[in-house]
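Reminder, nothing fancy here: chain letters follow the sequence lines and each chain counts from 1.
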Amino acid sequence: MEDEEEDPPLAVRIDETTHEFSNSHENDDVSVGVTVITGFLGAGKSTLVNYILNGKHGKRIAVILNEFGEEIGVERAMINEGEGGALVEEWVELANGCICCTVKHSLVQALEQLVQRKERLDHILLETTGLANPAPLASVLWLDDQLESAVRLDSIITVVDAKNLLFQIDKYRHLSSYPEAIHQIAFADVVILNKVDLVSPERSGDSLDELEKEIHEINSLAHVIRSVRCQVDLSEVLNCRAYDATHVTRLEGLLEEHQYKSSQNLHDNNVRTLSICEPLAVNLDKVRLWLEEILWDKKDGMDVYRCKGVLSVKHSDQLHTLQAVREIYEIVPARKWRTEEKQMNKIVFIGHHLNQDILQDSLRTCTLATT
Amino acid sequence: MAGGSDAAETTSLSCVRCGKPAHLQCPKCMELKLPREGAAFCTQDCFKASWTSHKSVHLKAKLSAPGTGENSSLVSEGWRYCIKKGQARTPKLPHFDWTGTLRPYPISSKLTVPAYIELPDWALDGTPKVEPNSDLQHVVEIKTPDQIERMRETCRIAREVLDAAARMIRPGVTTDEIDRVVHEATITAGSDLSNAVIEDTPLLSIIISSQSLAARRSVNEVICHGIPDSRKLEDGDIVNIDVTVYYKGVHGDLNETYFVGNADEASRQLVQCTYECLEKAISIVFGSKFDISIPIFLISVKPGVRFREIGEVINRHATMSGFSVVKSYCGHGIGELFHCAPNIPHYSRNKAVGVMKVGQTFTIEPMINAGIPWTSREVVVAVSWSSGTSMVCGMQLACRTLMSTAGWDRLGCVLTLFSVVGLEDVVEAEHQSKVAGFVWFGSSAYASGHGPWVWFVVAGLPQLNLSDCNSLLFFSQHLKSIQFIVGVWRDRMWPDGWTAVTADGKRSAQFEHTLLVTETGVEVLTARLPSSPKVRSVNAKSKMDFGPLLTLAVEFVKINLFVMGAQ
């Protein structure tokens with residue numbers, strides 16, 4: 001009560017307060033990319049992480065080391081701060097087991113808090129344990145754009161050991177269950193084929209080509225990078241924007257190459273890639289129903305892991321992109337079709353028990369006029 | 001309307017003392033985050049003249065802040081402030097940059113539950129044990145007839161408990177007292193329903209979240225999960241009570257927002273809109289063009305509807321009414337687990353998985369905030385002009401100009417009507433906009449003191465900032481300025497780790513039901529009973545009031561865009 005003065009202070013112009021709002025929104029403009037790094041034990045995940053953290057790239061990167069799993073409720077984070085890239089250790093607390101109905105998983109909330117606390121963070125790496133299937137993590141991190149989260153899923157990178165990969169793939173080919181290593185390749189956006197120097201020199205050219213071919217047989221969408229000790233070009237590894245619906249360029253390139261390239265041996269039980277193509281424009285509602293039948297109802301026993309494509313939609317001049325991870329999918333208009341482009345539908349599926357004919361024919365029905 | 005009224009149109013605030021348009025505000029009020037309506041003045045002289053009486057507003061705000069006599073006596077009796085999600089208590093109010101005027105008050109010690117009552121696994125510390133790892137987080141359960149029967153019972157009990165709480169609501173009652181009533185009512189219900197054949201009487205009332213939302217002059221901010229405490233409800237508050245009951249192994253979950261005493265018009269509109277959002281979500285009526293808020297309770301949610309659609313319906317209705325949807329919390333599957341699949345966001349363009357099937361049970365619980373939504377990809381731009389007859393032409397001109405100058409290739413448009421304009425004008429406006437190649441989202445109605453407003457929803461836009469606006473201003477002699485309505489759907493968490501509040505301190509309301517999908521559509525398990533008290537919350541059949549609505553929301557307006565005279 002004593003604080004109140006006899007004379008009033010100087011009143012402030014009302015429109016000056018606009019700035020608080022514009023400031024708070026500026027920070028949200030640029031979301032930080034999160035890269036999930038997975039790979040079999042010993043393939044070189046830690047090597048990759050260290051290489052990125054210690055590199056002289058001027059980027060401020062945080063690495064979340066998923067060492068403890070979910071029991072303890074914290075994750076250890078290493079962040080390279082300062083000029084020399086000195087590493088700083090931090091603890092990221094997960095809000096475990098909240099019984100409220102939150103849209104964002106506790107891991108996402110923890111990452112957002114990390115981004116908020118740091119003045120500037122350019123990228124986040126999430127290193128998973130060797131046996132992890134990245135699909136659940138992808139579902140958690142692939143947020144709706146509407147949430148305008150401070151973080152976004154950038155890509156899933158799988159590190160594989162060139163020396164042992166062929167052996168691992170051969171071994172599982174005749175089994176009915178799928179080792180996680182295969183899942184990790186199936187869900188990857190980038191595969192780092194590491195330890196190429198350890199592959200026997202006299203056969204190295206052939207071997208590596210064969211390895212890449214094997215990887216593409218499982219996942220034709222993945223970008224394969226050969227490396228020694230995970231010394232990769234960072235521009236190929238960070239800011240991939242693999243889940244950005246409007247980032248069409250790389251998608252188009254991939255779809256171009258694999259136009260009709262589907263895996264051989266389509267009828268065995270393994271995880272495979274196939275692509276379908278349809279020149280006529282499709283009805284958007286029908287395509288949604290078609291996709292939902294495949295992803296949600298497991299139509300004809302097909303199990304789709306990932307799906308990416310470009311759609312030519314009736315009554316629209318927009319090129320639509322299609323992206324799916326397990327049951328979660330998104331179809332979004334990305335940009336106008338260019339006049340020189342041939343408008344068509346191209347979709348790549350990765351999964352098992354896929355049937356090319358069924359997929360091709362059922363997509364064809366989506367081009368028909370509404371019944 | 002031209003030239004002279006320029007200054008007036010930059011703000012809709014009036015001087016507290018003389019009623020003229022205001023451009024100045026009291027810095028002390030700003031510091032205390034008090035609402036601008038009470039802090040606006042037209043000139044320094046007016047401000048000075050009313051200072052003696054005005055400063056009592058600051059005093060009142062300070063007194064109602066905690067740490068004063070009332071609370072310290074409670075603290076000495078063992079009441080504490082909650083922190084760390086209820087796992088710890090502290091005698092002093094935690095430090096926080098509060099978004100509005102509401103503060104937490106000390107809470108009482110935990111109420112005990114009779115030993116014969118079966119508790120869900122999360123009752124002890126709020127952390128579920130079975131739930132997170134259950135398969136039911138990924139697959140939506142189809143309930144068995146037995147489970148459905150149990151849920152009907154449980155939900156009915158939940159409704160009765162909520163009604164008991166509702167009867168308590170009046171100024172002067174603390175939310176803690178309401179919590180006790182809920183606690184007793186639930187345990188009693190459990191005992192009464194105890195079946196002599198069954199050994200245990202499984203029933204428990206849990207987490208009554210009382211969210212106190214002070215309307216009127218103060219800001220009301222709590223979105224959800226508020227904790228019952230020693231604050232007395234005040235006349236003009238709006239309060240949401242959320243009750244969840246666990247009985248015979250299943251959960252029932254519902255909440256409603258009530259008025260305490262007499263609530264002001266803006267609060268009524270907010271609560272009305274929120275109720276309608278829930279109604280519409282339940283009764284998804286496809287193909288409705290003009291959401292002029294006539295609630296149509298046709299039960300046509302049926303098997304086959306996508307969960308994703310619920311968010312579209314809620315978002316559309318809230319946006320049209322000038323409010324925003326909270327995005328951080330969602331509806332959820334419910335049954336033996338408190339929260340399980342499906343996840344049902346309340347915002348549009350979400351990637352919710354799945355379609356409704358017979359036998360599924362889930363909740364829909366929209367939280368709606370006062371204020372117009374704005375995201376970095378959608379900008380709501382207000383345009384207004386002078387007369388109704390040239391409205392359509394004026395809109396076309398504005399659209400074309402905006403699109404060409406800003407290089408936007410898509411523009412959505414939400415048209416608002418004056419009450420004098422008839423429906424046929426809306427039809428014409430829609431037609432014209434489609435001819436011009438725009439995406440028509442729908443229409444909403446309200447009037448403000450400065451002429452009809454048109455809201456443009458621009459989709460797919462990269463960041464639009466103030467410099468873009470300035471270039472738009474230069475371009476067309478018809479445009480005077482551009483108005484951005486800033487988004488308020490964001491929420492923040494209080495130090496207690498539970499209470500979610502709006503980031504800007506404005507009001508929020510919520511309604512929730514637990515639903516069962518049936519062959520013919522939907523059964524609202526937590527529906528009102530004939531015995532439910534006739535609280536003055538919302539009348540399900542009332543129409544939207546076309547009066548001077550949302551003038552408070554317009555305070556977010558920064559610059560104005562006007563189309564002069566049109567063709």
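- Heavy atoms closer than 4.5 Å to chain B are found in both the backbone and the side chain of A:L289.
- Looking at A:E327, both its backbone and its side chain come within 4.5 Å of chain B, counting heavy atoms on both sides.
- Minimum heavy-atom separation, A:L143 to B:K351: O-NZ, 3.2 Å.
- Proximity to chain B (any heavy atom under 4.5 Å) is shown, for A:R288, by both the backbone and the side chain.
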